[in-house]
Every structure is written in structure tokens, then in C-alpha cells.
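Below you'll find the structure, written out as C-alpha cells, and then a few comments.
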Amino acid sequence: MIFPAVMIAFCAATAPAQEVRIHSHNDYRQPLPFRHALVHRAASIESDIYATATDGELLVAHDRDELSSAPTLDETYLQPLIQLFRQNNGRVRNDSSRPLVLLIDLKTPVHPTLERLIAKLRLYPDVFDPTVNPHAVRVVISGNRPDADTFGDYPHFIFFDGNRTDYTPEQLKRIYMTSLNLRDYTLWNGKGRMTEGDCRQVLRKVGEAHALGKPVRFWGTPDGATAWHTFHSLGVDFINTDRPDACAAFFKLTKSVENEE
């Protein structure tokens, strides 16, 4: 289908140029989880976790049937992060002013999953507590989140992933970012151009999140160059991708990482 010129112009130039921030969706499925995302300049890394019958254990997996061979959160993300902070004088990267986001998707109930995570993070305040280190990793909870009315009951170094734009001012203090299902606003498959009506809907949600002072990410998105360019041009802050290497190459972000080994 060929779209009218006015529609093309609407979708192609709607937001000012902004920093590209890649979200490594389901990062644990990469050949080298964490390292792959870091090398390709991901600003946000996603990990799904399960609490098991073993006391204190958190495993990284997408589905329950993967748990028998799943690695722990400690070995896949927490310990590599701790090591990197020690090597880079309290930062993930020496050349980045923005903190890294570790988006943790709770696949098992809040209790005890979140309590176990908090217990692990408390041991390393210089890595996970921004009141101790302004460059600390921002740990953002998604998936099985607690009720928004209880956000304030959790330690200040725990943030939450918003899934709507109507939180109270108190709740918003604990929301770090907003993640929305793209399919609620468009069925665009990433080919050609989004229709003007769908473009307006996406822009409206981006505007609502930004009005609250929160960056926005869409999930359930097409994953290719046209989609990445479109979302960036629409002002989407975090570009959701299962292909951080290709996305980084598209935006020419890939660089060497300090102290990679």
C-alpha cells in the first residue's frame, strides 16, 4: 500500500533527535548474556527470574520447563556487574553518564521472589544503590509487581516498571520507566509505514509518559531497522530488541568495552 505524502511526513519527522537507548529484551537468551548487551551499548538489560524451592535461589529462564538447566541470577548478571564496577571505579562504563538499567521480570510471585532479590542487592550498595553511588545500576521490577499502593514499602534502591500512565504522584516516585504493549495501539508489522491513526495513538502514549517525566518502552514490537528507526523518530526512549548487535550496528553504537575480560 502506498501512503499519502502527508501521512509519511507525519510518521517520519514527529520527534526531535534524541539519544538512542537499546533495551536488550530477553537478554539471557543471547549467546553471551550480559556481555553481549554490554558490548553493543545496551542501556537496559532484561532478565526473567524464578524463585525455586531452594532457599534464596533465583534462576534465570523464560519458561518453567527450562529451570532444570537454568543459570542463577548471581552468576549471569549480579556477579558480572559487581566485577565490572570494581574494575571501572564504580561505573559500568567509563564513558557513559547514564546508569545501566537491569529490568527484572518476576515470573514467580512477589513473595518470596522480590525479597530474595532485595537480600542479594543489599550486599552491594555501591553497585545497586544510587544514594551510595550515583552511577549504580537501576534495578527495575517488572512482571509480577506488587500492588502500586505498596511501592513505598520497598527499599529505595528498588524501582518499578510502569504499565500504565495513571499512577498517583506518590506511586510515580517509585516508577522508573513505562513499558506498554504496542499491540494495544497498533498492529503494525514493522514493514512500510505506520498509519497516521496508529502513529497518533503511539505518540499520545509517548507524550503521556513523558509528561510524567518517565522514559517509555514498547514491547511486543517488530524487530528490524524500519521499526527501530520509526520508534526512535516517535520519541520512544528505549528501543526494544532481541537483536542488540544488529540494532547497535544500525545506530552505529557498538564500541569496545573497558576491561571486558
Side-chain angles (χ1 to χ4, degrees), residues 1 3 7-30 37 40-48 62-63 101-107 140-145 148 159-167 172 175-251 253:
M1 180 182 295
F3 292 96
M7 199 175 297
I8 292 174
F10 183 84
C11 285
T14 52
Q18 61 177 2
E19 178 187 3
V20 175
R21 287 188 269 177
I22 292 175
H23 173 79
S24 184
H25 178 251
N26 290 343
D27 180 76
Y28 48 89
R29 289 190 157 175
Q30 296 296 336
H40 296 294
R41 316 299 288 179
S44 175
I45 298 174
E46 180 178 342
S47 177
D48 295 356
H62 191 266
D63 300 305
V101 174
L102 182 60
L103 185 75
I104 301 289
D105 190 325
L106 307 186
K107 292 295 189 179
V140 180
I141 305 303
S142 190
N144 290 329
R145 286 153 286 204
F159 300 90
F160 297 95
D161 185 27
N163 58 2
R164 59 182 201 265
T165 55
D166 61 350
Y167 292 99
L172 277 173
I175 296 288
Y176 188 84
M177 61 195 291
T178 300
S179 296
L180 303 172
N181 184 357
L182 184 72
R183 298 306 171 198
D184 289 339
Y185 313 103
T186 178
L187 297 179
W188 182 57
N189 65 1
K191 299 178 181 179
R193 294 189 182 265
M194 202 182 293
T195 67
E196 182 178 358
D198 287 358
C199 236
R200 289 186 183 279
Q201 290 207 71
V202 172
L203 273 173
R204 177 171 57 83
K205 300 311 294 185
V206 171
E208 288 176 5
H210 287 175
L212 298 174
K214 306 300 177 183
V216 64
R217 172 182 73 98
F218 287 94
W219 54 273
T221 56
D223 200 8
T226 299
W228 302 330
H229 172 74
T230 298
F231 295 130
H232 183 58
S233 72
L234 294 178
V236 176
D237 301 278
F238 288 96
I239 307 300
N240 196 73
T241 181
D242 292 330
R243 303 165 59 206
D245 49 351
C247 188
F250 175 76
F251 288 113
L253 291 182

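Taking the six-membered ring for Trp and thresholds of 30 and 60 degrees, F250 and H229 have ring planes more than 60 degrees apart, a perpendicular arrangement.
Residue T178 holds its OG1 atom at 8.0 Å from CG of L172, rounded to the nearest 0.5 Å. Separating the CG atom in D198 from the CZ atom in R193 is a distance of 14.5 Å, to the nearest 0.5 Å. Of the inter-residue distances, the one linking W219 atom CH2 with N181 atom CG reads 3.5 Å to the nearest 0.5 angstrom. In this structure, I45 CD1 and N26 CG are separated by 13.0 Å, a value rounded to the nearest 0.5 Å. Atoms CZ and CZ, on F231 and F218 in that order, are 7.5 Å from each other to the nearest 0.5 Å. Between the CZ atom of F251 and the CD1 atom of I22 there is a distance of 7.0 Å, given to the nearest 0.5 Å.
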- [ ] Take V202 and L182 through the side-chain contact (heavy atoms from CB on, under 4.5 Å) test and state the conclusion after the steps.
- [x] CA-CA 8 Å; V202 172; L182 184 72; 4.1 Å; yes
Task: From CA spacing to verdict: side-chain contact (heavy atoms from CB on, under 4.5 Å), F159, M177 - done: CA-CA 9 Å; F159 300 90; M177 61 195 291; over 6 Å; no
Task: Pair S142-D105, side-chain hydrogen bond (donor to acceptor under 3.5 Å, both in side chains): steps then yes or no - done: CA-CA 4 Å; S142 190; D105 190 325; 4.6 Å; no
- [ ] Start with the C-alpha distance between V216 and H210, add both sets of side-chain angles, then the distance that settles side-chain contact (heavy atoms from CB on, under 4.5 Å), and finish with yes or no.
- [x] CA-CA 8 Å; V216 64; H210 287 175; 4.1 Å; yes
Task: Verdict with supporting geometry, T195 and W188, side-chain contact (heavy atoms from CB on, under 4.5 Å) - done: CA-CA 8 Å; T195 67; W188 182 57; over 6 Å; no
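Summarising the geometry of Y28 relative to S47, their closest heavy-atom pair is CD2-CA, 3.8 Å, with the distance given to 0.1 Å. I239 and C247 get closest at one heavy-atom pair: CG2-SG, 4.1 Å. Smallest separation of non-hydrogen atoms from L234 and L203: O-CD2, 3.5 Å. Minimum interatomic distance between R164 and A148 (heavy atoms only, all atoms of both residues): NH2-CB, 4.3 Å. Considering every non-hydrogen atom in both P222 and A227, the closest pair reads O-CB, 3.5 Å. Residues S44 and L103 share a closest heavy-atom pair of OG-CB, 4.4 Å.
Applying the side chain to side chain contact (heavy atoms under 4.5 Å, CB included) criterion to N189, with sequence neighbours excluded, gives K191. Remark: K205 pairs with E208 by the side-chain hydrogen bond (donor to acceptor under 3.5 Å, both in side chains) rule, at least two apart or across chains. Contacts of T221 classified as side-chain hydrogen bond (donor to acceptor under 3.5 Å, both in side chains), with partners at least two apart in sequence or in another chain: none. Residues passing the salt bridge (Lys or Arg N to Asp or Glu O under 4.0 Å) test with D237 are R21, sequence neighbours excluded. Looking at residues two or more places apart in sequence or on another chain, you find a side-chain hydrogen bond (donor to acceptor under 3.5 Å, both in side chains) between D242 and H25. Every side-chain hydrogen bond (donor to acceptor under 3.5 Å, both in side chains) that S179 has, sequence neighbours left out, goes to D161, R217.
The backbone N or O of G143 sits less than 3.5 Å from a side-chain atom of R145, completing a donor-acceptor pair. Between the side chain of Y167 and the backbone N or O of N163 there is at least one donor-acceptor pair closer than 3.5 Å. Checking side-chain atoms of N144 against main-chain N and O of L106 turns up a donor-acceptor pair under 3.5 Å. Side-chain atoms of R243 come within 3.5 Å of backbone atoms of D223 as a donor-acceptor pair (strictly under, hydrogens ignored).
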